Amino acid sequence: MSKKPEEITGSVSRIIPFSCVDGPGNRFVIFLQGCNFSCKNCHNPHTMGICDHCGDCVPGCPSGALFIDSGKVTWNQSICENCDQCIDICPRSSSPMTQLLTVAEVITQLETAVPFLTGITVSGGESTMQLKFIRALFKTIKQRSHLQHLTCLVDSNGYLPVSGWEKLLSVMDGAMIDLKACNNDLHLWLTGRANHRVLDSIDFLYKRQKLTEVRWLAIPEITDTSEELTAISAFLKTTAPEAPLRINAFSNSAVKGQARQWQNMSSERIPLLEAELFTTS
Amino acid sequence: MERQEEELFHKAFRGIANDPNLNFTQKSRYLALQADDMLPYPELDVQAKGAMESGLICDMFEGHAPFKPRYVMPDYQKAIIQGSEWLELAPPEDLDEAINFLLILFHHVPSVTNIPVFIGRLDQLLSPFIDDSITDKLLHKKIRLMWQMIDRTLPDAFLHVNIGPEDSRIARTILAVDRELKQVVPNLTLRFDPSVTPDSLLQMAVENISLCNKPHIVNEVMNAAEFVTPEDPRGFGIASCYNSLPLGGGAHTLVRINLKKAAESSDGSVENFIERVLPEVSGLTYQIIRARIDYLVNQSNFYQSSFLVKEGLIEQNRFTAMFGIFGLADAVNLLLKRKPDEGYGYCEQAQDLALEIVKTLSDIVKSTELEHCWNNRALFHAQSGISLDNDVSPACRIPYGYEPGTLQHLQTVLPLHKYFTAGISDIFPIDETIEKNPLALMAICKGAFQKGLRMFTANVANNELVRVTGYMVRCSDIKKLKEEGSRLNTTAFGSEAMDNCGINSRNAQIITDDIPWSKRQ
């Protein structure tokens with residue numbers, strides 16, 4: 001017998017009850033663990049991998065909140081100081097603070113914040129890797145009278161195939177898709193994957209009126225070249241002409257690896273990029 | 001007078017008279033305050049005197065001879081309909097006359113600062129004078145000139161304008177001018193009623209907040225429930241730093257208890273604090289309030305001589321006294337022996353104790369008769385601090401710098417708001433990224449009101465205009481103050497408060513809670 005929607009579990013990296021930067025209004029955000037991209041510029045690198053219980057993080061925990069229980073790394077949330085040292089230590093870009101939560105458990109956490117919320121957003125990691133969980137969560141929200149006013153949004157890298165989006169359409173209010181690069185080689189170099197599916201997702205969601213916004217990260221001399229700007233502009237003009245485009249400025253403060261050496265995008269340059277993108281389109 | 005004492009006074013007076021950074025009106029006022037303080041205080045017993053000397057109770061430096069009420073909330077609507085015999089002004093007949101009439105009247109409204117703390121519900125006052133012949137452009141200009149006149153001639157940030165809950169051209173023009181000029185004066189409140197105020201007006205207010213930290217937003221429904229009855233429809237106004245007071249009256253006085261000091265004077269147990277200390281210190285507070293009211297009502301001749309009374313713009317029996325408290329967070333943490341980051345705002349036990357303290361005092365205020373006051377009672381008030389408060393938290397606020405995420409912050413203070421009829425405010429420090437998403441702040445504000453928040457104030461980081469206790473200062477004025485003084489009387493308070501009260505360490509939230517509430521111990 002299949003599980004009831006409330007019993008379906010998701011691997012949750014973190015929950016933030018209030019956010020004003022993950023979609024319109026005030027949103028409850030669930031960051032899901034695991035990603036199918038390995039972006040050099042990832043701002044949440046600890047949400048990429050899945051914990052293999054190697055235990056490397058346990059001795060480094062200053063508050064003793066991590067221990068091994070029956071071969072598994074276990075996190076004692078009540079004494080954790082949120083210093084995030086374990087995340088820095090993890091060799092698999094994962095986090096021992098990841099929790100397996102049922103839809104019902106997430107809804108319990110959501111309840112206290114509901115009066116102040118516009119909606120919820122699932123983010124990541126790549127949230128759509130846990131499609132069943134998202135669908136069950138959104139479905140449950142849409143079925144409960146005191147929750148159904150909440151808009152349900154997905155924050156995604158767009159790698160989900162169209163057949164996957166089709167399964168979400170009836171319960172999802174919209175998706176915010178990251179367009180990392182239009183040039184496929186650049187996309188491959190930046191993320192480790194080709195961009196065809198991302199472009200398809202934008203096209204599909206736009207046609208179904210489920211494209212809340214397209215997000216583009218401006219990285220100096222990497223994604224902000226004139227070729228890229230022209231390509232993005234042309235693609236959006238033909239594929240999703242009315243979709244809002246949000247430009248985010250790259251900052252090297254939260255990234256790992258070689259991206260630490262990359263230049264920060266200056267806030268003065270953003271309006272110029274905006275002008276260039278919108279005039280060419 | 002002893003020679004030594006005389007020399008001390010001379011030195012103080014001379015210091016004011018020769019101060020290089022005070023202007024002549026500021027000097028006159030400080031000299032007058034010094035003179036007032038040379039008179040003997042209204043009669044108090046030894047314990048009450050001791051409580052004031054030790055700082056356990058504070059009369060907000062209102063002076064030794066109260067000859068005017070602390071807060072005056074004239075019925076400007078009445079004035080505008082009947083004109084003023086005393087001011088020799090006929091009722092205004094058009095918008096120019098109405099603005100002129102009000103600007104004149106404002107200069108005759110006293111308060112503890114000598115500058116009015118409430119200049120009315122301006123949208124309601126001016127809307128009857130607006131018709132299609134007044135274009136938006138013209139209206140904008142008139143309000144802009146009025147705003148400049150108010151800021152330059154009544155230079156005190158406690159001066160407060162109310163707009164809403166109804167939508168109007170005037171309300172929108174006021175918001176447009178206010179965000180354009182970003183002045184300290186006037187302070188501004190939008191009264192919000194979800195069944196009356198359109199979202200577009202609230203959104204405009206919230207956009208203003210991200211630009212200049214004004215207006216402050218007030219829960220109209222909750223306040224009206226306490227101030228408006230079928231027999232008494234005049235209702236309330238919001239004045240100064242978040243005081244809700246009867247319109248056509250005001251507050252004779254405000255006396256406040258330092259709960260931190262009160263907790264220090266207990267034997268350290270919650271029981272002793274609740275059962276012995278709070279009733280005792282409340283008794284002393286009432287003694288001081290009564291002595292001050294007696295002087296004002298029976299000796300100063302204010303209510304017998306003011307034209308505001310004679311023309312019916314204020315009535316003595318619509319004045320209350322404000323029974324204030326501050327330092328709740330410190331008292332709670334002291335009694336529970338918890339540090340600020342694990343006490344009030346961070347644990348259920350602290351929350352329960354805070355509520356018990358507030359309920360105890362609220363019961364005392366509700367059951368204690370007070371002569372010469374509206375409904376024969378004082379009104380309970382969470383006092384948001386003064387510039388000299390060092391190392392003690394304002395009102396029921398979580399100490400600056402220790403504010404948790406916005407959800408947890410709301411959940412801590414929400415249950416307390418209903419007890420403070422005369423006003424309570426919590427400043428929610430918010431990161432500047434909110435500018436791109438005003439809907440988020442609107443959602444929080446509406447949700448909070450629905451859950452019983454009385455007043456909502458956000459302080460967006462990195463604005464030139466910063467909220468101190470409730471009033472505003474400009475950061476650039478504070479920088480200039482020490483070298484060249486300020487034309488605004490309140491800059492000096494703001495500067496002291498920045499030095500003493502930890503305002504700069506407010507913990508701005510990107511409206512993202514890192515620690516879920518469910519993690520509470």
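Every value quoted in this text rests on a predicted model; they were computed, and no experiment measured them. Just so we're on the same page: letters track the sequence lines, and every chain starts at 1.
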Close side-chain approach of B:K446 and A:F116, heavy atoms under 4.5 Å
no
Tell me, please, which residues at least two apart from B:R397 pass salt bridge (charged side-chain N to carboxylate O under 4.0 Å, His left out).
none
Would the number of heavy atoms belonging to other residues, nucleotides or ligands and lying under 6.0 Å from NZ of B:K418 be above 12?
no
Pair count under 4.5 Å, heavy atoms only, with chain B: among A:A113, A:G25, A:P115, A:P24, highest is A:G25
Value for OG1 (A:T118) from CD1 (B:I444), rounded to nearest 0.5 Å, stands at 8.0 Å
Taking atom SG of A:C20 and atom CG of B:L439, what is their separation to the nearest 0.5 Å?
11.0 Å
Going by the rule side chain to side chain donor-acceptor pair (under 3.5 Å), which residues pair with B:D426 if we only count those two or more places apart in sequence or in a different chain?
B:H417
Do A:F18 and B:L410 come close enough that some side-chain heavy atom pair is under 4.5 Å?
yes
Measure the spacing between CG of B:N437 and CG of A:N26 and express it to the nearest 0.5 Å.
8.0 Å
